*Asks:* 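Below is a structure I'd like to ask you about.
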Amino acid sequence: MKLFLLGIAFVFTNNLFGRQAMVEDPLQSISDTVSYLNLSSPYHTTLTFFHNLEEENYKPGLAAKTLGGYEMDTDDAIKQVVKLKQIFDGRGVYVDMDDVPNEPQYADSAHSYQQKFYFDTHRLPQIFLEKVGDDWKFSRFTVSQINEIHKETYPYGTDKLLNLLPKIGQQKYFGLHLWQLVGIFILLLFVFTAHKLFTFIVDRGLFHASKSVGYMHVAEKYLLPVARVISIYFIVLLMDIFIRVLQLPIEIVSWIALLLNAAKPFIITIVFYKLADLLSAYFERQADKTESNLDDQLVPLARKTLKAFVIVIGSLFILKEGLQVDIWPFLTGLSIGGLAFALAAQDTIKNFFGSVMIFIDKPFQVGDWITSGDVDGTVEEVGFRSTRVRTFRNSLMYIPNGRIADATIDNHGLRQYRRFYSTITVTYDTPPELINVFVDGLREIVKSHPKTRKDYYNVYFNNMSAFSLDIMFYVFFEVPTWGDELQARHEVLIQIVKLAKELGVNFAFPTQTLHMETFPEKEGLSPIYEDNIDTYKKRLDAFIQKEMQKK
């Protein structure tokens, strides 16, 4: 809307202070009263066509001489040549006469050196001049396509307005005809009304639709912004259709057409950019349903990548389809530059593909404790280039993903059970019966603890070392974190100490013992054990009744 108002302001300025042509107008050298007819070259044929259809020098009969290929009545030829001029004006195709070749034997090198001249191969590829005998005329194919192209240029019956609007009045104000000023007012009023109507329909329609299906929050946050942008797109389409009917100066129409053509892919790019948020919200809901935290980390990265892709593709469409910029040299240079960039940034690319492999294989997720070489800590974040690990010293390590993808990773976070292995050493003077009872007590501790694995554990007297009798204590804890594991270890070890104290078991440690002969008035230091196993079992039962029933 703002672009249109700026264009209209430029029209008034252009007509108030004099026409500012982009190139020197060759028609200024021709008197308005002189009939001009010259078909010897593309330049002169083009000059004949436009000069004789100007408002100040309107001779459509002479302009009709530029049509070739068909024998038509004068009235039909005039109608066709006027339609052809309206096509140029409606499409906003500004013909710079300096670009039209002035060579009778001109051959187009871009089209197999045929004697043809194209005005605009992008917007008007069907309209071109060709040499017929000694004259240059609009080709037979062009003449056959005039009616169809005219309907495409003025669709939905707007071509009838070309005949109706001028009847309002031909008086000139500010350099424009009265009917053009009235048409501008009607167009502004129509655009404003259509915008309000589209916005109302979209808001109300989406409100009731989302309310009925229970997605009102999604509609307000994601769908309504997209729908409003789409309504603006329809407004641009309407402006693009009706601005052609006003027959404004070609210099202005060409710029307005260029801006409107650029606005279309620009608005579509905005729509897809906003839809990326909607798609990301859907992925977030799906990621919340999974146990893995890596999906939650992947969603924002995917959203940023998708938005960057939309911006790049949208920019290319704006340049090519909107601003009529040839992007092939740019893409060619980009491919060569991309090769050089790939060679220079091969480590970065390696890290990127390493991150892709991490997201695909999922060797770990956020919150897992991993060990890989000198890396030992908890995963905090997985990016496209590096992974952030919090060490147990509370420092942060940034490891390139390419290195992680090639390394051996020990993921402690994926363990279902956490192993605990310890050797319980008792003194050599412990009787075998007491050792057996003590081992049975250790097994009862494992069975009674709520966080130990009950189907697999090993508690055996399995070694006689230099200073002790060794009991292997090999168990597993079913806990999610290291802190829970430490708490479970603490509870089990406390029970072992209490059991040893209850049974009278002494723990061994590296010592040297000097045995002295017992004196009558003093007891020896060596403990006195009972030989009756039933006594020890009673003590074990008492311990179990006392300690194990607490669980």
Side-chain angles (χ1 to χ4, degrees), residues 1-16 19 32 49-61 63-64 75-95 123-124 127 146-198 234-261 263-264:
M1 185 69 178
K2 294 180 178 179
L3 296 176
F4 175 73
L5 293 176
L6 289 174
I8 298 303
F10 187 71
V11 172
F12 289 138
T13 305
N14 214 24
N15 286 276
L16 282 173
R19 180 181 178 184
D32 292 341
F49 173 74
F50 285 106
H51 173 70
N52 291 296
L53 291 175
E54 283 191 343
E55 184 178 353
E56 297 81 2
N57 188 49
Y58 191 68
K59 299 181 178 63
D75 292 341
D76 292 338
I78 290 175
K79 290 180 181 179
Q80 293 298 96
V81 80
V82 170
K83 285 185 177 181
L84 183 57
K85 176 63 165 54
Q86 290 174 348
I87 291 173
F88 276 94
D89 294 341
R91 296 291 181 94
V93 177
Y94 180 84
V95 179
R123 287 180 288 182
L124 292 176
I127 297 179
I146 288 177
N147 290 331
E148 182 178 349
I149 302 174
H150 193 269
K151 289 182 180 180
E152 293 176 358
T153 307
Y154 302 96
Y156 311 113
T158 54
D159 56 328
K160 297 178 181 178
L161 296 176
L162 294 172
N163 298 322
L164 293 177
L165 288 177
K167 295 179 180 180
I168 296 175
Q170 294 293 333
Q171 301 89 340
K172 277 195 173 184
Y173 302 95
F174 307 107
L176 293 176
H177 293 289
L178 177 62
W179 69 270
Q180 290 177 317
L181 295 175
V182 173
I184 292 173
F185 174 77
I186 294 175
L187 178 59
L188 292 176
L189 181 62
F190 178 71
V191 167
F192 177 78
T193 305
H195 177 65
K196 292 296 182 180
L197 180 62
F198 284 157
F234 287 124
I235 297 300
V236 172
L237 290 180
L238 291 175
M239 290 180 60
D240 187 38
I241 292 173
F242 288 102
I243 194 66
R244 305 172 182 181
V245 181
L246 299 179
Q247 297 292 291
L248 299 174
I250 186 61
E251 297 90 342
I252 304 304
V253 177
S254 62
W255 280 104
I256 294 177
L258 187 66
L259 293 177
L260 292 177
N261 287 334
K264 295 175 188 176

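Owing to the predicted nature of the structure, the values given are computational and were not obtained by experimental measurement.
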*Asks:* Looking at Val236 and Ala263, what are the two nearest heavy atoms and their distance?
*Replies:* CG1-CB, 4.2 Å
*Asks:* ring-ring contact (aromatic ring centres under 6.0 Å, His included) with Phe190: which residues, sequence neighbours excluded?
*Replies:* Phe242
*Asks:* Take Phe49 and Lys85 through the side-chain contact (heavy atoms from CB on, under 4.5 Å) test and state the conclusion after the steps.
*Replies:* CA-CA 8 Å; Phe49 173 74; Lys85 176 63 165 54; 4.1 Å; yes
*Asks:* Quick one: salt bridge (Lys or Arg N to Asp or Glu O under 4.0 Å) partners of Asp240, sequence neighbours excluded?
*Replies:* Arg244, Lys264
*Asks:* Nearest 0.5 Å, what's the CG-CD distance between Leu187 and Gln180?
*Replies:* 12.5 Å
*Asks:* What is the distance from atom OG1 of Thr153 to atom CD1 of Ile146, rounded to the nearest 0.5 Å?
*Replies:* 11.0 Å
*Asks:* Between OG1 of Thr158 and CG of Leu164, what distance do you get to the nearest 0.5 Å?
*Replies:* 11.5 Å
*Asks:* Can you tell if the side chain of Tyr94 reaches within under 4.5 Å of the side chain of Leu258, non-hydrogen atoms only?
*Replies:* no
*Asks:* Rounded to the nearest 0.5 Å, how far apart are OG1 of Thr193 and CG of Leu197?
*Replies:* 8.5 Å
*Asks:* Could you grab the distance from atom CG of Leu189 to atom CD1 of Ile184, nearest 0.5 Å is fine?
*Replies:* 13.5 Å
*Asks:* Checking Gln86 now: which residues fulfil side chain to side chain donor-acceptor pair (under 3.5 Å) with it, not counting sequence neighbours?
*Replies:* His150
*Asks:* Looking at Asp89, Leu53, Ile127, which hits side chain to side chain contact (heavy atoms under 4.5 Å, CB included) with Leu84?
*Replies:* Ile127
*Asks:* Output every pair passing salt bridge (charged side-chain N to carboxylate O under 4.0 Å, His left out) with a member in residues 147-159, not counting sequence neighbours, ordered by first then second residue.
*Replies:* Arg91-Glu152
*Asks:* Residues in side-chain contact (heavy atoms from CB on, under 4.5 Å) with Asp75, at least two apart?
*Replies:* none
*Asks:* So, using side-chain contact (heavy atoms from CB on, under 4.5 Å) as the criterion, who are the partners of Leu165 when residues are at least two apart?
*Replies:* Leu161, Ile168, Trp179, Val245
*Asks:* What residues, two or more places apart in sequence or in another chain, satisfy side chain to side chain donor-acceptor pair (under 3.5 Å) together with Asn147?
*Replies:* Lys83
*Asks:* Can you list everything that forms a side-chain contact (heavy atoms from CB on, under 4.5 Å) with Ile186? Sequence neighbours excluded, please.
*Replies:* Val182
*Asks:* What's the shortest heavy-atom distance between Gly92 and Ala257, and which atoms?
*Replies:* CA-CB, 4.4 Å
*Asks:* Taking all non-hydrogen atoms of both residues into account, name the closest pair between Ala194 and Leu238 and its distance.
*Replies:* CB-CD1, 4.0 Å
*Asks:* Could you give all pairs that pass the salt bridge (charged side-chain N to carboxylate O under 4.0 Å, His left out) test and reach residues 180-194, with sequence neighbours left out?
*Replies:* none
*Asks:* Which heavy atom in Pro60 sits nearest to a heavy atom in Ile78, and how many Å separate them?
*Replies:* CB-CG2, 3.7 Å
*Asks:* Test of understanding: with side chain to side chain donor-acceptor pair (under 3.5 Å), list the residues that count as partners of Gln171, not counting sequence neighbours.
*Replies:* none
*Asks:* Nearest 0.5 angstrom please: Leu124 CG to Ile149 CD1, how far?
*Replies:* 6.5 Å
